[in-house]
Amino acid sequence: MYNVSNETIDRGRIDWFTAGLYLVFLFLGWLSVYAASYDLENAKSIFDLSGRAGMQLIWIGTSLMLAFALMKSDTGFFETYAFVFYVFGIILLILTLAIAPEIKGSRSWLVLGPVRLQPAEFMKFVIALALARVFNTYGFRLLERKNLLLVLAIILLPTALVIAQSETGTALVYLSLFLVLFREGMPGAVLLIGVALVLYFVLGIKFSDIPMGSFSRGEFISILLIILFSAGMVWSYMKRKEVLSFMLGIPFVIFLIALIVSFFEIEIDYGLVALIALCGVFLYILYLALRFRKRTYLLILIFMAGSFAFLESAEYMFNDVLKPHQQMRIKVTLGMERDLQGAGYHVEQSKIAIGSGGLWGKGFLNGTQTKLKYVPEQDTDFIFCTIGEEMGFIGSSIILLLYLIFILRLIYLAERQTSVFGRVYGYCVASIFIFHVMVNIGMVVGILPVIGIPLPFFSYGGSSLWGFTILLFIFLRLDKNRRV
Amino acid sequence: MEYRPDNLFQNRKFVIGGIAIAVVLLYIIQLFRLQVLSPEYRKFADSNAFFRKTLYPARGSIYDRNGRLIVFNEPTYDIMMNVREMTAGDFDTLDFCRVLDIDKMKFEQLMSDMKDRRKNPGYSSYTPQLFISQLDVREFGLLQEKLYKFPGVYIQNRTRRQYKYPNMGLILGYIAEVDKNKLDSDPYYVRGDYAGKSGIERFYEEDLRGVKGVEILLRDSKGRIQGKYNNGADDKAPQSGRDLMLGIDIDLQAYGEYLMQNKIGAIVMIEPQTGEILCMIASPSYDPSLLTGKDFGKNYLELERNPYKPLINRAVSGMYPPGSTFKPSQGAIFLQENIINIQTQFSCYHGYPPLGGRPACHGHPSPLSIVPALATSCNSFFCYGLNAMLSNREHYSSQDQAFDIWGNYLSNMGYGRRLGVDLPSEKTGFIPNNKFYNKLWKGNWNANRVISIAIGQGEILATPLQIANFAAIVANRGYYYAPHVVRQRKGVALDSLYCRRNESGIDKSVFDIIADGMANAVTSGTCRAANLGTDIQVCGKTGTAENPHGDDHSLFMAFAPKNDPKVAIAVVVENGGFGARNAVPIGRLMLQKYFRDSIPESDKWIEEQIASREILPFVYQKKAIIKAHSSIANQ
């Protein structure tokens, strides 16, 4: 049992394990920025303030001061002012959208004299605080409609604003907070649906050129997947064997008929057959829904119809909503285009740089690929290339494992929080770091499409380093003060 | 941990932790594949990264209908600069300037232009960037001797358009460096690329430009080329642009331009069976070689400032009242709709009687039927006809319906809309409809209010191309192929638009009557000057279009021979007075040239007279200057 009286609050120590990892990251990050911006012909000292590494040192110094200040602050402060921060943050985002100059195609930088700030970076901890605060309300239940709408609004409003600033990457970071919602009771089906939608999209695009009757092969496979997913849902929620056998039996029979007909030298439109099978299953579930009046059936019907609608609009979204360079990035990742001229160039160069590192790497400052600037953005978004090239498989794996330990530690810390506020905030921090590491390194090693978000603590830049520091140290501050 | 109502889902921590572990494992596997299992990456890096060299395709050539070469390419050389290598080595700027014959200021200017990311979004100091474009062979020769002295300077081979004839600049169009908009909207282009900006060069840009190739070379860490990446497996050879063959006969075109010198207007000749344009003269025009090479900027500015606007292709974007050349279309509609028949007669007393002799007409027998009405170009006849059609309540339930049907016929004959010619900037002309007149007259109008449209005046506007196309419809007795300049794209079919027969919805028998009328106009009517003799029976129609901008425009429309038409023609001479004064003689000479290949001795005096005639309205370039002059005169 726990005691709420003030005297027993443990004025504990900062979690040195996490703080230590943070310091290690800062140091390695600083070396990497130096290596990445190192100019063979015109080498500067690592402390030279006119170089990137020197500047990064300033950012690191200010971040440490920030961290120290946060550790000295009052915990109640964050909880009390969570919503004030949020409102202020939203205003700042709108303001940025209105007055920011266009830099590299995005309108996300506020220029204050010599300093350039990206409010979207700082919005991460602001949203996390607001979410934690909402969950902390007494008797809060996520699945009540009012609460759900509030939580969605808190996440989606800044997401929309940041998309308007053309910072798609950062917007996706905000969406990673759905992982927190999952932890706090959002049905697992929602995550699965998310995965299903991505699958339809990828299949629909990747195999859009190969026709299968009225549909493409991608759509054909996706239609079969819709049937399988619905069957899976029926099985896991209803546990009724005969329903499951019908759901799989109907398509089976329909395909069997098609197969038999095809023996009579009649051309079969297999796309259409799949659609008929889908309709058959749909009608069957509709019948069950009307007969047993169970909400689950209705939801599955919605899932099926929604999936199909999404599938049909995927190609439209791909061709008309995404910008040409985004389409190209996705095509390159899906292996549909090699495009060594454009989008594929970055990824190909990045892979060469990493691949050339070998097992042990070429050694600090000895990477030729990154030194000759073949890799774009190599001290910001593509900084992992330098690590891969100079530290090799061993070094880059160690960095990845350090990140994994860091993230697992954050989850552990989040779980040991005694207040819902602390736990939700902790999961927000963990989710954001998971997402950043996953997307950034996934892009650099050629598994995910190019999405420009920084690698925490390594990528050069003040805004992102400050943002991550604040995000982390608010949590460490909360953790230090937790009740045991 | 104890059960807490606010912490129901703690097992999900394993899912989230599991995701993190799975991702990291997946990435470590990928790293292992890249770094340990794929030694080729090491090799790429050892011989170092790519140098992607663009290989430019030759732009397609253009030929005339008889296969004579009109537009081709000549090699030129662009200077590319790698700023890194340039600043690293000892680059003698002064010597470099001397070789290129530029001064230091110009050099600095070019450098800053090159480095300006607003003008050159793809700028990088690590790759060669365009410094100066289009050196000719001689200048290139001078530089090449000393090239070893200038580190970081590269030569990019390109080609430049060259023209065999000083004609049809407006139809061919020109190419120029792509602007920022084009760079942003079409990823095919990079700074310094050329693209068609007008005419055929623009309309057929994607045919003509071909496909750029790329050679992926490997460089060592000092930038030296080491060889091809992947043995050239990823290289792409450039594909040459597609050659085009025009329907235009360059001799006919050149002759037309000669006749139209010092006049403003247009000539269009169409082969009725195919819709191929045999010549398209828009005057004034310019020599296409003015807009190529280094003097492009200067010449373009001069052409743009010329008050007679030589950059406008009046044949497709000039809109004129068609005047009496419109009458055959009216006759055809009235006959088709049974408003009149071949015997129907209307009277004319030097004008249209119901409106007190307005519009006026000239002396001819009265009453008269459609064939003599066309021959004498009687205004009154067609005014009666339009009035009879719009006020007819047996055929049509309302005036609106009658006028809709009238408008539909004209639209089917190509008036009031784009014909779809393969040139940019085609205009629609104008045919008024119910909505227009109901608004103009606030719902209260009738045929007599708008009667001048029956004789191609009033609000009616048509392009010379539309008039020629209509002549082709009469020639074909009812149908046409969308007129087009290009008759063949090498290796691929023409757009189906140009192979489709378009019906006017009017019977052949009707157009037989119209053709009779137009034949009589040549033998015994208003355009006797177009009579080429009995061997080539010409059917023609003159036009004299009143316009608010000065003297009447002179128009002529014809096709020949009557029974097996080979050619349809339209001539417009701005401010040329009566149709018979300028347009008909020009039409006659063009037909002579087409059918007889040379002008008979007996016609030489006409040719001389026409070619030497100057009909240029005085253009006020700047009103302010005129004012200043008049105030001086007043003093």
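Heavy-atom basis, side chains included; hydrogens, waters and symmetry copies ignored. Per chain, numbering begins at 1; letters A, B, ... match sequence-line order.
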Would you mind telling me which of A/Leu404, A/Leu410, A/Leu191, A/Ile411 has the largest number of heavy-atom pairs within less than 4.5 Å of chain B?
A/Leu404
Heavy-atom distances under 4.5 Å only: say whether A/Leu408 touches chain B with side chain, backbone, both or neither.
side chain
Taking atom types as modelled and ignoring hydrogens, do the side chains of B/Arg161 and B/Asn73 form a donor-acceptor contact shorter than 3.5 angstrom?
yes
Counting only heavy atoms closer than 4.5 Å, note whether A/Ile434 contacts chain B via side chain, backbone, both or neither.
side chain
Based on non-hydrogen pairs under 4.5 Å, which of A/Gly446, A/Gly355, A/Ala414 is most in contact with chain B?
A/Gly355
Are there more than 12 heavy atoms of other residues, nucleotides or ligands under 6.0 Å from atom CD of B/Glu108?
yes
With chain A, the option among B/Leu31, B/Val15, B/Val23 that has the most non-hydrogen atom pairs under 4.5 Å is B/Leu31
Can you tell which part of A/Leu448 gets under 4.5 Å to a heavy atom of chain B, answering side chain, backbone, both or neither?
side chain
Quiz question: by atom type and distance under 3.5 Å, do the side chains of B/Lys104 and B/Thr93 form a donor-acceptor pair?
no
At a heavy-atom separation under 4.5 Å, does B/Ile19 approach chain A through its side chain, its backbone, both, or neither?
side chain
Does the distance from a Lys or Arg side-chain N to an Asp or Glu carboxylate O, for B/Arg209 and B/Asp193, drop under 4.0 Å?
no
Which portion of A/Phe435 sits near chain B, non-hydrogen atoms under 4.5 angstrom
neither
Parallel, tilted or perpendicular, judged at 30° and 60°: which one describes the rings of A/Tyr425 and A/Phe475?
tilted
Ring centre gap for B/Phe107 and B/Phe131 strictly below 6.0 Å:
yes
Output yes when B/Glu205 and B/Arg59 qualify as a salt bridge under the 4.0 Å nitrogen-oxygen rule, no when they do not.
yes
Whatever's closer than 4.5 Å to a heavy atom in chain B on A/Leu179 counts as both
Honestly, the part of A/Tyr403 sitting under 4.5 Å from a heavy atom of chain B is neither
